Engineer: 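Pasting a structure below so you can have a look.
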Amino acid sequence: MLKLKCKYYVQGAFKVKFNLKKLSVISLSALLFSTSVLTTNIDAKSNNANKYPKEKVTLAKSLTKRFAKDGYVYRLYATKYTKDSDGPYVTVKSKNKTDYKVKSIVELSGTTGISYANLVSKKGKKVTVDLLNGFYNKNKNIKSLKKIVQLENKIYKADKKNNKEMKKLYKMVKNVKSSKDRKIALTSYYQLNNYLKNPKNGVPSLLVGESEF
């Protein structure tokens, strides 16, 4: 047995009396072992935290260039409160009809792995939104393009090239009467084709935010 005495141990405003004479070597060893395990667990958690990749911010140059060419055709989404069981908020088209153009697209390749777009209006107002559901291309609402956008979105979500569907899409594009609208549809067709070849080419401009509807 240990012949150590400790009269008082001060913790906050209280004094607790101990008699270490009654403390066995086994008890003391158990206490020291517990402390060692606790220290090991803390070190392990610290090491795990260090394993998470650091956020790397990258300007997506090719996507920025492509989206910027579209001009002021983008509008914002907004969130609306709902009692739906799927979630307290839903994404809706903003009542604000301000048109924006893409200034830059930035990718975060770390823990979050998200992409966002920096937009600017004709009056110089700047906003930053999520690339997937923060804004949309207003041209998708053109009457002659609505069915084309629907088929494009179907093919896009399937995430694989379907030659039969792509031929059908191309035929629909060619049948658009307005040369201006046909040009928009044809550009989107080629963008979709490039995406199916390599997803890094990015979502077609007409399908930005389309997954919300």
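Nothing here was measured: the structure is a model prediction, and the numbers come from that model.
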Engineer: Would a 4.5 Å heavy-atom cut-off, applied to side chains only, mark L196 and I155 as touching?
Structural biologist: yes
Engineer: For R75, is there an ion pair with D99 - N to carboxylate O distance below 4.0 angstrom?
Structural biologist: yes
Engineer: Taking C-beta and beyond as the side chain, do K146 and K140 meet within less than 4.5 Å on heavy atoms?
Structural biologist: no
Engineer: State, yes or no, whether a side-chain contact exists between Y156 and L192 at a heavy-atom distance under 4.5 Å.
Structural biologist: yes
Engineer: Is there side-chain contact between K101 and V120, with at least one heavy-atom pair below 4.5 Å?
Structural biologist: yes
Engineer: Using side-chain heavy atoms (C-beta onward) and a distance below 4.5 Å, is K125 in contact with Y100?
Structural biologist: yes
Engineer: Ignoring hydrogens and angles, state whether a donor on the side chain of D70 or Y74 is under 3.5 Å from an acceptor on the partner side chain.
Structural biologist: yes
Engineer: Show your reasoning for whether side chain to side chain contact (heavy atoms under 4.5 Å, CB included) applies to V203 and F67.
Structural biologist: CA-CA 10 Å; V203 60; F67 278 94; 4.2 Å; yes
Engineer: To the nearest 0.5 angstrom, please state how far the CG atom of N162 sits from the NZ atom of K154.
Structural biologist: 8.0 Å
Engineer: To the closest 0.5 Å, what do you measure between CG (L186) and OG (S179)?
Structural biologist: 12.0 Å
Engineer: Would you say the side-chain atoms of S188 pair up with the backbone N or O of I184, donor to acceptor, closer than 3.5 Å?
Structural biologist: no
Engineer: Restricting to non-hydrogen atoms, name the atom on N194 and the atom on N201 that form the minimum distance, rounded to 0.1 Å.
Structural biologist: O-ND2, 2.8 Å
Engineer: Could you go step by step and tell me if N141 and Y136 meet the side chain to side chain contact (heavy atoms under 4.5 Å, CB included) rule?
Structural biologist: CA-CA 10 Å; N141 294 321; Y136 66 96; 4.0 Å; yes
Engineer: On a heavy-atom basis, which atom in V129 and which in L76 lie closest, and how many Å separate them?
Structural biologist: CG1-CD2, 4.0 Å
Engineer: Do you know the tightest heavy-atom contact between Y72 and S121?
Structural biologist: CE2-C, 3.6 Å
Engineer: Any heavy-atom pair between the side chains of T58 and V106 that's under 4.5 Å?
Structural biologist: no
Engineer: Look at atom NZ of K103 and say whether more than 12 heavy atoms of other residues, nucleotides or ligands are closer to it than 6.0 Å.
Structural biologist: no
Engineer: Taking all atoms of both residues into account, what is the closest heavy-atom pair of E107 and S115, and its distance?
Structural biologist: CG-OG, 3.5 Å
Engineer: So, do R182 and K177 sit near enough that their side-chain heavy atoms are less than 4.5 Å apart?
Structural biologist: no
Engineer: Which heavy atom in R66 sits nearest to a heavy atom in S205, and how many Å separate them?
Structural biologist: NH1-OG, 3.3 Å
Engineer: Applying the 4.5 Å side-chain criterion to the ILVMFWY set and letting contacts propagate, would L132 and L59 be lumped into a single cluster?
Structural biologist: no
Engineer: Report the distance from atom CD1 of I148 to atom CG of N153, rounding to the nearest 0.5 Å.
Structural biologist: 13.5 Å
Engineer: Any heavy-atom pair between the side chains of Y77 and F135 that's under 4.5 Å?
Structural biologist: no
Engineer: Would you kindly say whether S104 and N118 are connected by a side-chain donor-acceptor distance under 3.5 Å?
Structural biologist: yes
Engineer: Please lay out, stage by stage, how E165 and L151 fare under the test side chain to side chain contact (heavy atoms under 4.5 Å, CB included).
Structural biologist: CA-CA 8 Å; E165 294 282 53; L151 181 55; 4.0 Å; yes
Engineer: Hey, what do you get for CD1 (I142) to OG (S178), rounding to the nearest 0.5 Å?
Structural biologist: 7.5 Å
Engineer: Please name the pair of heavy atoms, one in L145 and one in A185, separated by the smallest distance, quoted to 0.1 Å.
Structural biologist: CD2-CB, 3.7 Å
Engineer: Please round to the nearest 0.5 Å and tell me the distance separating atom CG of N193 and atom CG of L169.
Structural biologist: 9.5 Å
Engineer: From T98 OG1 over to L119 CG, what is the distance, rounded to the nearest 0.5 angstrom?
Structural biologist: 11.5 Å
